[in-house]
Amino acid sequence: MSTNITFTMIKPDAVADGHIGAILGKISGAGFKIKALKLTQLTVADAQKFYEVHAERPFYGELVDFMSSGPIVAAVLEGENAVESFRSLIGATNPAEAAEGTIRKMFAKSIGENAVHGSDSDENAQIEAAFHFAGKEIF
Ligand code: IDP
């Protein structure tokens, strides 16, 4: 077990539906410390870059349109085994397959509009945090 960092976004669907407070409450309640936090909006170019690993997937255009469609909350979180434990907290990509009590089960609408992002590796957490925050914005 080690204390480390993950990166999350509350996606445009959950922001538009008024779930910022509830989702941040779940995150804090699970023991994560918020190291950086902001309300922001991705440009189309930002969303293309952030999700470029999925560029060849059939849903890439839909994903880029969705992720740039409205404000998001970006945050850097610290916790024990942060990447893995946060992905457990958010649940499966498809909310229909997500476990009871997970953030996606509670708030996601569909496999695309699925309420939250969570980094999938320590390396990507660092890259994604740096994509959204300057060093002096991470406490
Ligand atoms: P993850 O966010 O659970 O790690 P990934 O497979 O990395 O899932 O996919 C990134 C994002 O792309 C998902 O969170 C979701 O918003 C979107 N996505 C994944 N699969 C589909 C799909 O089949 N249709 C539409 N959007 C999808």
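Remember, it's 1-based here, ligands and their atoms both numbered in the order they're listed. Keep in mind that what you see is a predicted model, and the values were worked out from it rather than measured.
- Residue-to-ligand polar distances place G112 within reach of ligand 1: an N/O pair is separated by less than 3.5 Å.
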**Request:** Quick one: do N4 and D122 satisfy side-chain contact (heavy atoms from CB on, under 4.5 Å)? Show the steps, please.
**Result:** CA-CA 8 Å; N4 56 9; D122 290 344; 3.5 Å; yes
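- Residues H117 and E128 have side chains that bring a donor and an acceptor to within less than 3.5 angstrom of each other.
- For the pair R87 and ligand 1, the shortest N or O to N or O distance falls below 3.5 Å.
- E84 CD: 12 or fewer foreign heavy atoms inside a 6.0 Å radius.
- For ligand 1, the atoms lying closer than 4.0 Å to a non-hydrogen atom of E62 are 25 (C).
- For atom 15 (C) of ligand 1, the nearest protein heavy atom (residue, atom name, distance) is I111 O, 3.2 Å.
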**Request:** Give the intermediate values and the outcome of ring pair (Phe, Tyr, Trp, His ring centres under 6.0 Å) for residues Y60 and H54.
**Result:** CA-CA 6 Å; Y60 180 65; H54 294 305; 8.0 Å; no
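- Residue N114 approaches ligand 1 through these ligand atoms, each under 4.0 Å from one of its heavy atoms: 13 (C), 14 (O), 15 (C), 16 (O).
- Under the 4.5 Å side-chain contact rule for hydrophobic residues, M9 and L24 do not share a cluster.
- Within the 4.0 Å heavy-atom cutoff, K11 counts among the residues contacting ligand 1.
- Residue contact check: R104 has heavy atoms under 4.0 Å from atoms 1 (P), 2 (O), 3 (O), 14 (O) of ligand 1.
- The distance from ligand 1 to the heavy atoms of L63 drops below 4.0 Å at these ligand atoms: 12 (O), 16 (O), 17 (C).
- Residues satisfying the side chain to side chain donor-acceptor pair (under 3.5 Å) criterion with K109, sequence neighbours excluded, are D17.
- Looking from atom 8 (O) of ligand 1 to the surrounding protein, the closest heavy atom is T93 OG1, 3.3 Å.
- Checking Y60, F59, Y51 against atom 25 (C) of ligand 1, the nearest heavy atom belongs to F59.
- Cluster membership check: I23 shares its hydrophobic cluster with F86, using side-chain heavy-atom separations under 4.5 Å among Ile, Leu, Val, Met, Phe, Trp and Tyr.
- Considering backbone and side-chain N/O atoms, H117 never comes within less than 3.5 Å of an N/O atom of ligand 1.
- Protein heavy atom at the shortest distance from atom 9 (O) of ligand 1 is H54 NE2, 3.5 Å.
- More than 12 heavy-atom neighbours from other residues, nucleotides or ligands sit within 6.0 angstrom of NZ on K38.
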